[in-house]
Colleague: 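If you scroll down you'll find the structure; I have some questions about it.
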Amino acid sequence: MKNILYILLVLTSLGFSQNKQLFEKANTLYNNEQYNEAILVYDQILSTEQHSADLYFNKGNAHYKLNQIAESVYSYEKALQLEPSNEDVLTNLAFANNMKIDKIDVIPTTGFSKLFSAFVNMISFDTWAVCAVVFILLFVGCFVLYSTSKYASKKRVYFVVAIAGLLLSILSVSFAYKQESNVKTTKYAIVFAKESSVKSEPKLNSEEAFVLHEGTKVKVIETFDNWVKIKLKNGSVGWITKTAIKNL
């Protein structure tokens with residue numbers, strides 16, 4: 001059993017080492033303005049299921065340099081799924097979005113709802129999980145000190161901090177669950193077709209609702225055969241062919 005674990009650790013270590021070398025190779029190709037070659041190497045790393053925000057960010061930059069709108073937006077959006085508050089990704093995504101043909105207004109959300117959503121998505125799911133662990137350790141530590149302290153004044157302080165740590169831990173778990181739930185239940189996609197007709201029904205001969213172009217982000221509502229029901233940020237709804245979009 002120990003030998004098997006050792007072999008697995010060695011193989012994992014070799015895999016990370018190889019991907020690190022590939023990442024550096026791809027970055028060198030990018031710096032030398034060999035963008036297509038860099039993308040091929042980034043994709044080679046992604047094929048090993050080793051994903052990171054930096055990897056998608058750099059891949060998005062390479063696509064952006066080639067004026068590949070849909071691919072760059074898709075890569076930046078994938079990076080944001082891993083690091084929602086990454087300023088570099090947000091900035092470059094804004095540049096990529098400016099290249100799109102479709103300019104879709106966002107339906108404004110209520111003040112509290114907007115603030116709550118922004119706060120929950122301020123940090124990643126993993127970071128909220130780490131916060132929960134830190135706060136629960138704070139609760140345990142202060143509760144032990146509260147139980148062992150002989151001084152009433154210190155006991156009160158330890159008790160208050162322990163309760164605060166417990167409440168913050170519960171909130172962190174709730175925010176992590178909320179964020180993970182949003183990611184799992186809310187599906188988005190990027191339009192990859194240069195131009196695609198969105199229908200009012202999942203039929204080729206149905207009435208055209210509107211037209212979308214590459215790079216536009218859509219919310220996936222449901223699927224039917226080779227069609228996907230989508231919703232835009234302005235509330236518009238319609239059916240688009242599966243081949244026209246790529247799920248995030």
Side-chain angles (χ1 to χ4, degrees), residues 1-2 4-6 8-13 15-17 19-20 23 45-46 48-58 60 75-94 106-188 217 219-220 233 247-248:
M1 184 65 180
K2 289 183 178 180
I4 294 175
L5 290 174
Y6 176 75
L8 288 174
L9 286 172
V10 170
L11 290 175
T12 302
S13 177
F16 280 118
S17 177
N19 283 339
K20 183 179 179 181
F23 188 63
I45 300 172
L46 289 173
T48 66
E49 300 298 324
Q50 295 295 325
H51 300 189
S52 71
D54 287 339
L55 176 56
Y56 279 115
F57 175 67
N58 289 7
S75 295
Y76 291 141
E77 289 284 356
K78 292 293 287 185
L80 286 179
Q81 286 182 340
L82 299 171
E83 292 185 15
S85 59
N86 189 307
E87 291 295 334
D88 291 332
V89 179
L90 289 169
T91 299
N92 285 20
L93 176 59
V106 182
I107 296 177
T109 54
T110 59
F112 176 77
S113 176
K114 183 178 180 180
L115 287 173
F116 179 74
S117 179
F119 182 76
V120 171
N121 294 315
M122 182 175 58
I123 58 179
S124 66
F125 167 82
D126 290 337
T127 306
W128 278 123
V130 171
C131 289
V133 172
V134 171
F135 288 133
I136 200 66
L137 289 175
L138 176 65
F139 162 72
V140 172
C142 287
F143 186 78
V144 171
L145 291 172
Y146 165 78
S147 302
T148 57
S149 178
K150 298 179 180 179
Y151 303 99
S153 58
K154 289 186 176 181
K155 287 177 77 73
R156 282 194 295 270
V157 172
Y158 293 142
F159 180 78
V160 170
V161 176
I163 294 302
L166 179 60
L167 292 175
L168 289 172
S169 177
I170 293 172
L171 285 174
S172 297
V173 171
S174 300
F175 293 154
Y177 176 79
K178 174 67 175 175
Q179 191 178 87
E180 185 184 34
S181 178
N182 286 340
V183 170
K184 286 184 176 180
T185 58
T186 307
K187 302 297 182 183
Y188 291 95
K217 184 179 179 180
K219 184 177 181 180
V220 176
K233 291 185 292 185
N247 290 327
L248 285 167

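Everything numeric here is computed off the predicted structure, so don't read it as measured data.
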Colleague: Quick one: NZ on Lys233 to NZ on Lys217, what's the gap to the nearest 0.5 Å?
Modeller: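 The distance works out to 7.5 Å.
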
Colleague: Any side-chain heavy-atom pair from Leu166 and Phe135 closer than 4.5 angstrom?
Modeller: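 No, every pair of side-chain atoms sits at 4.5 Å or beyond.
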
Colleague: Which distance, rounded to the nearest 0.5 Å, do you find between the OG1 of Thr148 and the NZ of Lys155?
Modeller: 7.5 Å

Colleague: Would you say the side chain of Glu77 lies within less than 4.5 Å of the side chain of Leu93, judging by non-hydrogen atoms?
Modeller: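 They are in side-chain contact.
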
Colleague: Can you find a heavy atom in the side chain of Phe57 that is under 4.5 Å from one in the side chain of Asp88?
Modeller: yes

Colleague: If every non-hydrogen atom of Val161 is compared with every non-hydrogen atom of Cys142, which pair is closest and at what distance?
Modeller: CG1-SG, 3.3 Å

Colleague: Is any side-chain heavy atom of Tyr56 less than 4.5 Å from a side-chain heavy atom of Ser52?
Modeller: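 Contact flag for Tyr56/Ser52 side chains = no.
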
Colleague: How many angstroms lie between CD1 in Ile45 and CG in Asn58, if you round to the nearest 0.5 Å?
Modeller: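 It is 9.5 Å, given to the nearest 0.5 Å.
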
Colleague: Nearest 0.5 Å please: distance from the CZ atom of Phe159 over to the OG atom of Ser147.
Modeller: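 One finds 10.5 Å between CZ of Phe159 and OG of Ser147.
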
Colleague: Of Asn247, Leu248, Val220, which is the lone residue that meets side-chain contact (heavy atoms from CB on, under 4.5 Å) with Lys187?
Modeller: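 When Asn247, Leu248, Val220 are each tested with Lys187, the side-chain contact (heavy atoms from CB on, under 4.5 Å) holds only for Val220.
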
Colleague: Testing the basics here: between Ser172 and Cys131, what is the closest heavy-atom pair and its distance to 0.1 Å?
Modeller: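 Looks like OG-CB, 3.8 Å.
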
Colleague: So which atom in Leu80 and which in Asn86 form the shortest heavy-atom distance, rounded to 0.1 Å?
Modeller: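 Taking every non-hydrogen atom into account, CD2-O, 4.3 Å.
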
Colleague: For the residue pair Ala132 and Val173, what are the closest heavy atoms and their distance?
Modeller: CB-CG2, 3.6 Å

Colleague: In the structure I gave you, are the side-chain heavy atoms of Glu83 and Val89 within less than 4.5 Å of one another anywhere?
Modeller: no

Colleague: Find out whether Phe139 and Ser169 are in side-chain contact, i.e. whether some heavy atom of one side chain is under 4.5 Å from a heavy atom of the other.
Modeller: no

